[in-house]
K.L.:
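If you scroll down you'll find the structure; I have some questions about it.
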Amino acid sequence: MPPPAMHCPRLALGLGFCLLLGIALCSLWVYVENWLLVSYIPYYLPCPEIFNMKLQYKEEPSQPVAQSQYPQPKLLEQKPTELLTLTPWLAPIVSEGTFNAELLHHIYQPLNLTIGLTAFAVGNRYTHFVQHFLESAERFFMQGYRVHYYIFTHDPQAIPRVPLGPGRHLSVIPVPGPSQWEEASMRRMEAISVHIATRAHREVDYLFCLDVDMAFRNPWGPETLGDLVAAIHPGYFTVPRHQFPYERRPVSTAFVADGEGDFYYGGAVFGGRVARVYEFTRGCHMGILADKANGIMAAWQEESHLNRRFLSHKPSKVLSPEYLWDDRKPQPPSLKLIRFSTLNKDTAWLRS
Amino acid sequence: RSAFFMAQLSHPYMTTGKTIALTRRTSVGKVMSLLLNMLSGLVITFLPRMDVLVMTPWFAPIIWDGTFDSAILDAQFRDTTIGLTVFAIKKYVVFLRLFLETAEKYFMVGHKVTYYVFTDRPADVPQIALRAGRQVVVLHVGSYRRWQDISMHRMEMISNFSRQRFLHEVDYLVCLDVDMKFSDHVGVEILAPLFGTLHPGFYAADRQSFTYERRPLSRAYIPRDEGDFYYAGGFFGGSVPEVYRLTTACHQAMTADQAQGIEAVWHDESHLNRYLLSHKPSKVLSPEYLWDERMLQRPPLLRKLRYVAVPKNHGEIRNR
C-alpha cells in the first residue's frame with residue numbers, strides 16, 4: 001500500500017503552502033507590531049538635551065541674625081496647639097503658633113532672596129482667576145522680599161496688568177493650549193522643570209508652584225521657605241492612610257501600597273529651593289511619561305505622582321492645611337489662620 | 001472608639017508612640033488626647049512629646065526620645081560619612097578606651113565613621129576593635145600648659161584640619177569631649193547643617209541665669225535680656241563647612257580677647273554660645289545627649305541618657 005501522501009500530492013502541497021504562508025504572516029505581524037508600538041510613543045517626549053542640563057549652585061553661607069528682642073523659647077511649657085508640629089523625620093509642620101515671624105524675618109531678610117511663584121492659567125476659564133490671584137499675592141505673599149511671578153498661559157493677551165510693588169516682577173510664559181483638562185494638569189511638571197532649567201535657576205532662589213484658582217487670605221511669609229516643601233491636602237488630614245486617594249494600581253509608577261504613606265499632600269502647593277524643585281518636577285514628569293507609555297493615567301493625575309515622590313523623597317518642611325484650604329469646608333479650631341484657599345467654582349463647568 | 005485606638009496602635013510609627021501612650025498617660029489623659037485627635041482633625045499616628053518643646057521658634061527640631069523615626073532617618077542618611085573629633089591631650093588619653101568602645105556600640109551604628117583623635121601622645125592611643133566602615137585617625141598635635149588653653153585651642157585645631165582634611169573625607173563633623181562615654185543610641189537624628197546641645201545644668205533656667213560671658217569687653221558678650229539656650233561646649237557639630245565657619249569665628253574671637261587681655265568665663269563654651277545666638281543652629285539636642293549623673297538628679301522628662309560624664313579627679317587629671 002503506498003503512503004497516504006502519495007495518494008494526494010495536492011493535499012501535501014496545500015499543507016506546505018499553508019505552513020509557509022503562516023510563517024510569512026507571523027513574521028510580518030511581528031514586524032508591524034514593533035512598528036505600531038514605536039508610533040505610540042507620546043509626542044511630547046522631551047528633547048535629549050534637557051536630560052543633560054546641569055544646574056550649578058553655590059553653597060550659600062548662613063548669615064548672622066541681627067540683634068532682636070523676643071521672648072526666650074520655653075522648654076517645659078506645653079505648646080497650646082493641637083496640630084502635630086514635627087514629622088517623624090524631623091521636618092517642621094508649619095502652622096500659626098509654631099514660629100516667631102519677626103525672628104524669621106531677621107534671619108531671612110538679610111539674605112536678599114528672590115522667591116519665584118508659578119501659576120498655570122491654561123484654558124479659557126482659568127485666565128480670569130489670574131487677576132484675583134495676583135492681587136491677593138501682592139497683599140500677602142512674601143511681603144518685603146523680591147518676588148517673581150511666572151504665569152504660564154496659552155493666551156498671553158488674557159493676562160491682566162496688575163500693579164506690582166517694588167522688587168516684584170511678572171513674566172508671562174506661553175505654553176500650548178490644552179485639549180483636555182487632565183492633559184493640561186499633566187503638563188505642569190514638565191513645564192516647570194524646563195522653565196527652571198532654561199530660566200528660573202538664574203532668577204530666583206526659592207520657587208513655589210501654586211494653583212491659580214485660589215487666593216491668599218493672610219500672610220504667607222518666610223516660614224514657608226525650605227529645601228523641599230509640601231502642603232497637607234485639606235480634605236484628608238483627618239483620614240487614616242489606607243483611605244488616602246493614592247494611585248492603587250501596581251502597574252502605575254505612582255502606585256502606593258496599602259500600608260504606606262505619611263500625609264496626603266495637595267497638588268496645588270509645593271515648592272522649595274529651585275534645585276530641589278527641579279529634581280522633584282523632573283522626577284514626577286518621568287513617572288508621568290512612563291505611565292503614558294503604558295497607557296495609564298493616575299487617579300488624580302499630577303497629584304498622585306507628587307504624593308508618590310514625596311513618599312520616597314520626604315519634604316524637609318510640611319505646610320499645615322492653613323496653607324492650602326478649601327473654603328467649602330468649615331474651619332476647625334486646630335487651624336488658626338487660613339492663608340491660601342480655593343475660590344468656589346464648579347469644576348464640571350470648567351472642564352467643558 | 002477603642003477600635004479606632006487599636007487601629008492606630010498597629011501603625012509602625014506607633015512603636016515609640018505605644019510606649020508613650022501606655023506607660024506615661026493616665027487614662028483621662030489618653031481619652032483626652034484621643035478626643036483631641038478626633039475633634040481637631042489631625043490624625044496623629046506618631047504621638048508627640050507633649051511635656052517638652054520639640055521645635056524652636058526658628059523651626060529647629062529639639063531632639064528628644066520619641067520625636068524621630070530612626071528607620072526613615074537612616075534611609076535618608078544612607079551614604080553619609082560622619083567624622084568625630086575628640087581631644088586626648090596629656091593625661092586625658094586614659095579616657096580614650098571607654099570613649100571609643102562605647103562609641104563603637106552606640107554612635108552612628110551602620111554608618112561610615114572616622115574618629116579623629118587629636119593627641120600629644122599617639123603611642124598611648126589604645127587599639128580598639130572597630131566595626132566595618134569605621135576607622136581611627138590619630139592626629140599628633142602639641143599641648144598647652146593650662147587646661148583652659150587646651151580646651152580653647154580645640155577650636156583652632158578643628159578649624160585648621162577642617163579646611164585641610166575633613167572637607168574631603170567626611171560629610172558631617174561631631175565635636176565631642178573625651179571624658180565621657182556613650183550609654184545609648186546616638187544616631188543620624190542629630191545631623192544637620194549646624195547643631196548644638198542643651199547644657200544639662202541650664203535647660204530649665206531663665207536666660208538671666210545662663211553663665212554667658214557678661215563683660216562687654218569680651219567678644220563672647222551676651223546681654224542679660226538676650227539668649228535662646230545655654231549650649232554645652234562638649235557636643236556640637238554640623239556639616240564640615242558650617243563647623244569650619246563656627247570654629248574659625250570662635251578662634252578669631254578668642255584671639256581678639258587675648259589681645260585685649262580678657263578670657264571668657266567659660267572659655268570656648270562662652271564663644272560657642274555667642275556664635276549660636278547669631279547663627280541659629282538647625283537642630284538642638286536635648287540633655288539626653290549630654291548628662292552628668294553625679295551632678296544632677298535625672299528628671300522624668302529624660303527617657304534616655306545617651307552620652308554621660310565619666311567620673312574624674314579634676315585636680316589630678318588637669319595640668320599633668
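So that the names make sense, note that chain A is the first sequence line, chain B the second, and so on, each numbered from 1. Note: hydrogens, waters and symmetry copies are ignored here, and every other heavy atom, side chains too, is used.
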K.L.:
Do B:Asp69 and A:Trp89 make a side-chain contact, defined as non-hydrogen atoms from C-beta onward lying under 4.5 Å apart?
P.N.:
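They are not in contact (no side-chain heavy atoms under 4.5 Å apart), so the answer is no.
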
K.L.:
Looking at CG of B:Asp228 and CG of A:Leu103, how far apart are the two atoms once the value is rounded to the nearest 0.5 Å?
P.N.:
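That separation rounds to 7.5 Å.
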
K.L.:
Out of curiosity, B:Met55 CE to A:Leu84 CG, how far, rounded to the nearest 0.5 Å?
P.N.:
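Going from CE on B:Met55 over to CG on A:Leu84, the span is 9.5 Å.
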
K.L.:
Please round to the nearest 0.5 Å and tell me the distance separating atom NZ of B:Lys283 and atom CG of A:Leu90.
P.N.:
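Nearest 0.5 Å value for the NZ-CG distance: 5.0 Å.
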
K.L.:
Please classify the contact between B:Glu189 and chain A as side chain, backbone, both or neither, with a heavy-atom cut-off of under 4.5 Å.
P.N.:
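For B:Glu189, the contact with chain A is made by backbone and side chain together.
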
K.L.:
List the atom of A:Pro88, the atom of B:Ile72, and the distance in Å for their closest heavy-atom pair.
P.N.:
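What the structure gives for the nearest pair is CB-CD1, 4.4 Å.
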
K.L.:
I'd like to check the side-chain hydrogen bond (donor to acceptor under 3.5 Å, both in side chains) partners of B:Thr248; sequence neighbours left out, ordered by chain and number.
P.N.:
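Checked B:Thr248 against side-chain hydrogen bond (donor to acceptor under 3.5 Å, both in side chains); matches are B:Ser159.
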
K.L.:
Can you find a heavy atom in the side chain of B:Phe68 that is under 4.5 Å from one in the side chain of A:Leu86?
P.N.:
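Sidechains of A:Leu86 and B:Phe68: no contact.
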
K.L.:
With the side chain counted from C-beta on, respond yes when A:Leu104 and B:Trp58 share a heavy-atom pair under 4.5 Å apart, and no when they do not.
P.N.:
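SC-SC contact between A:Leu104 and B:Trp58 confirmed.
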
